[in-house]
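Letters go in sequence order (proteins before strands), and every chain restarts at 1. Hydrogens, waters and symmetry mates play no part in the numbers below; they use all other heavy atoms, side chains included.
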Protein chains: 2
Amino acid sequence: MTTIYDVARHAGVSAATVSRVVNGRSSVDPALAERVRQAMGELKYRPNAVARNLRRSQTTLWAVIISDIGNPFFTAMVRGVEDVAQKAGFSVVLCNSDEDPAKEGKYVTAALNDQMAGVIISPSGRGTHVNRLVEAGVPVVVIDRLPRGVAVDTVMVDNEHGAQLATGHLIEAGYERIACVTGPRRLSTAAQRLRGYQRALRAAGRKVRTELIRFADFREEGGYAAMADLLRQDPRPDAVFAANNLMTVGAVECLVDQGVRIPQEVGVAGFDNIPWAHLVRPTLTTVDQPTYELGRTAALLLAERITEPTRPASSVTLHTQLHVRESSRR
Amino acid sequence: MTTIYDVARHAGVSAATVSRVVNGRSSVDPALAERVRQAMGELKYRPNAVARNLRRSQTTLWAVIISDIGNPFFTAMVRGVEDVAQKAGFSVVLCNSDEDPAKEGKYVTAALNDQMAGVIISPSGRGTHVNRLVEAGVPVVVIDRLPRGVAVDTVMVDNEHGAQLATGHLIEAGYERIACVTGPRRLSTAAQRLRGYQRALRAAGRKVRTELIRFADFREEGGYAAMADLLRQDPRPDAVFAANNLMTVGAVECLVDQGVRIPQEVGVAGFDNIPWAHLVRPTLTTVDQPTYELGRTAALLLAERITEPTRPASSVTLHTQLHVRESSRR
DNA sequence: CTGTTAGCGCGTTCAC
DNA sequence: GTGAACGCGCTAACAG
């Protein structure tokens, strides 16, 4: 490994000068600078990022801690983050907490120990470790889910409104017994989407029946199981609102497996974009989120906070959009 | 930030002893160790990973450089990597090269500068930077695609065989003019899957028609465009083999949009698992890869190489499996 | 078993 | 505009 001293010697200057050339901060005599650059080229010098980070006690890395790498929602969001980060001179490393507070904790610790420049995180609910980041003074932006009692920048969507829209649509479509499969109680998104569902029912003068509500895990299997369980009800529901993409897919799988016709016997509407939703037969009615924008916005906020750490925390809410397709029209 | 010296002072020992306790390497008197641990607790000491890395000139991080974070194939693979890494005491950071050699280059540079402990990479074809890693002596495992002229550990699937299987199945199903949409020429997977397609045709005594072959980008749009182009042929193909998951979806979208009935007018078989392939109507025939295992194997190989850097490079090939569904049965 | 010493490679004072 | 010197926080030698 060639160090800054090797370059300095080879160019006949001091290490300080090489450092200046590398970082382009203070001005260096053009002739010298050229000599240094040439020496760097000949020796194939690569600055040691670790040493630099130690010295500056700062890295140029952002950690993005998401809760399910298998969910296209998060991966799409990451693209938005990446594009902004790139331009701002940061690299993005992705960490998958898998909805597990313990795993999340490990990544938070790593981010802290590795002196990451910033963190974008979708907290894994109650046991989340975001506060540790905040207390340590690390720039943080929370995405997708509201953290409890921590003042941080957040980027969310209008979950309640979106859920209300979807449920309202099912009501208008003429469904009578509309069920809801929402996510884990500990997650704000699950609670908000459930609330939107309830609000839509009440707005239509309907009764909210707790026996038609299920709390699942935001995954395919959970959606499947919840749907299966709902179908055992008597009378059974004639429509279902699923609170995220994977659970919607799970619910549909269950209905297909049981030979229940969509949308004639059971109507379906889901929250969240579903890749190739239009290829599934029937095509699926969804509440779409501006996923890429979500990531972009979070990244923008993070960049701002890094340059201006004392700025008061801000909350951005982006809007969802209902896409009516075949699964909810009978 | 509390340092190891703060802890040492507080516990009345030397920094070296604290270091020993933290790393549990050489043995320390239990009483002392306890005192140190207590001091660490009271001061909320977190070891500075950056300083440690500088000293050891090694991190505990693996970089996984994939070429499309939007492709479920790669994200599923990453789960396999993660599970192994976790157990071996490494953290995984994910980098998305987006099939762009320049972006890949940036991440490779970062991995080098940051002294990553190892790298798992799916090279972005011709302009790949894997050799830089190898030359620098960084443990590397190449996944999914064959690198050219570099001796590294690799984990692949039997692309040619799988493609042959799928194409052979289309032939047996009675299709006459079978087209192929494969990936970029520069990628070994694209070439191998194309070869499998050709081999199946020849094995059945059919002629390989170049006008029925398209090179696309391994993405949805590419598959769509290629299919659209193929449909303009006269006579048009009556079946298509698409060389990866996203392109299969794209091709199907195109067929649906143009009102071409699957599998009656055009049969479809695709390489690679497709999430909810069984929900799409008609359900899609696919050649499934052991995605998780692929990641797991790569991680295992990487761990081995790290502990035993001089071991000769090995190549592992995993097997694919044909899943016949409705899209190819007429 | 424990403490002392000496860097890892770099950026940043501070003189000149 | 440039160089010498110091130290970021830690761990690997070496003595003791």
So does Val92(A) get a backbone contact from the side chain of Glu82(A), meaning a donor-acceptor N/O pair under 3.5 Å?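 Not at all, since once roles are kept as given, no pair shorter than 3.5 Å links the two residues.
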
Thr307(B) side chain vs Glu304(B) backbone, donor-acceptor pair below 3.5 Å: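 Side chain of Thr307(B) to backbone of Glu304(B): a pair is present.
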
Is Asp68(A) salt-bridged to Arg79(B), cutoff N-O under 4.0 Å?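 Judged by the 4.0 Å cut-off on N to carboxylate O distance, Asp68(A) and Arg79(B) do form a salt bridge.
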
Between Arg186(A) and Glu99(A), is the closest basic N to carboxylate O distance under 4.0 Å?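 Salt bridge flag = yes for Arg186(A) with Glu99(A).
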
May I ask you to test the Phe218(A)-Leu246(A) pair for a side-chain heavy-atom distance under 4.5 Å?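 No, every pair of side-chain atoms sits at 4.5 Å or beyond.
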
Note, Ser124(A) side chain near Asp100(A) side chain (heavy atom, < 4.5 Å):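 They are not in contact (no side-chain heavy atoms under 4.5 Å apart), so the answer is no.
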
Which is true for [X] with a 4.0 Å heavy-atom rule: it touches a base, it touches only sugar-phosphate, or it touches nothing?
{"X": "Thr3(A)", "answer": "sugar-phosphate"}
{"X": "Thr17(A)", "answer": "sugar-phosphate"}
{"X": "Val22(A)", "answer": "nothing"}
{"X": "Asn53(A)", "answer": "nothing"}

If you compare all heavy atoms of Ala313(A) against all heavy atoms of Ala151(A), which two are closest, and at what distance to 0.1 Å?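 What the structure gives for the nearest pair is CB-C, 4.1 Å.
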
Nearest heavy atoms of Pro290(B) and Leu318(B), plus distance in Å: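 Closest approach of Pro290(B) to Leu318(B): CG-CB, 3.8 Å.
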
Within residues 30-51 of chain B: residues closer than 4.0 Å to DNA chain D (heavy atoms):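 Contacting residues: Tyr45(B), Pro47(B), Asn48(B), Ala51(B).
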
Please report the C-alpha distance between Glu293(A) and Arg296(A) in whole Å, then the side-chain angles of each, then the deciding distance to 0.1 Å, and finally whether the salt bridge (charged side-chain N to carboxylate O under 4.0 Å, His left out) criterion is met. CA-CA 5 Å; Glu293(A) 272 305 319; Arg296(A) 225 183 96 75; 3.7 Å; yes

Provide the start and end nucleotides, 5' to 3', of the part of DNA chain C that has atoms under 4.0 Å from heavy atoms of chain B.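 Span of nucleotides near chain B: dC1(C) to dG9(C).
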
Under 4.0 Å from a heavy atom of chain A: give me the 5'-most and 3'-most nucleotides of DNA chain D that qualify.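 Range of nucleotides within reach of chain A: dG1(D) to dG9(D).
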
Here's a test for you: under side chain to side chain donor-acceptor pair (under 3.5 Å), which of Ser67(B), Ser188(B), Ser122(B) qualifies with Arg145(B)?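 It is Ser67(B), the one option of Ser67(B), Ser188(B), Ser122(B) that forms the side chain to side chain donor-acceptor pair (under 3.5 Å) with Arg145(B).
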
Just to verify, which of Leu94(B), Ile69(B), Asn96(B) counts as forming a side-chain contact (heavy atoms from CB on, under 4.5 Å) with Val78(A)?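 Single side-chain contact (heavy atoms from CB on, under 4.5 Å) partner of Val78(A) among Leu94(B), Ile69(B), Asn96(B): Ile69(B).
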
On DNA chain D, check which nucleotide each of Arg55(A) and Ala15(B) is closest to and give me the residue with the more 5' one.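 Nearest-nucleotide comparison on DNA chain D picks Arg55(A).
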
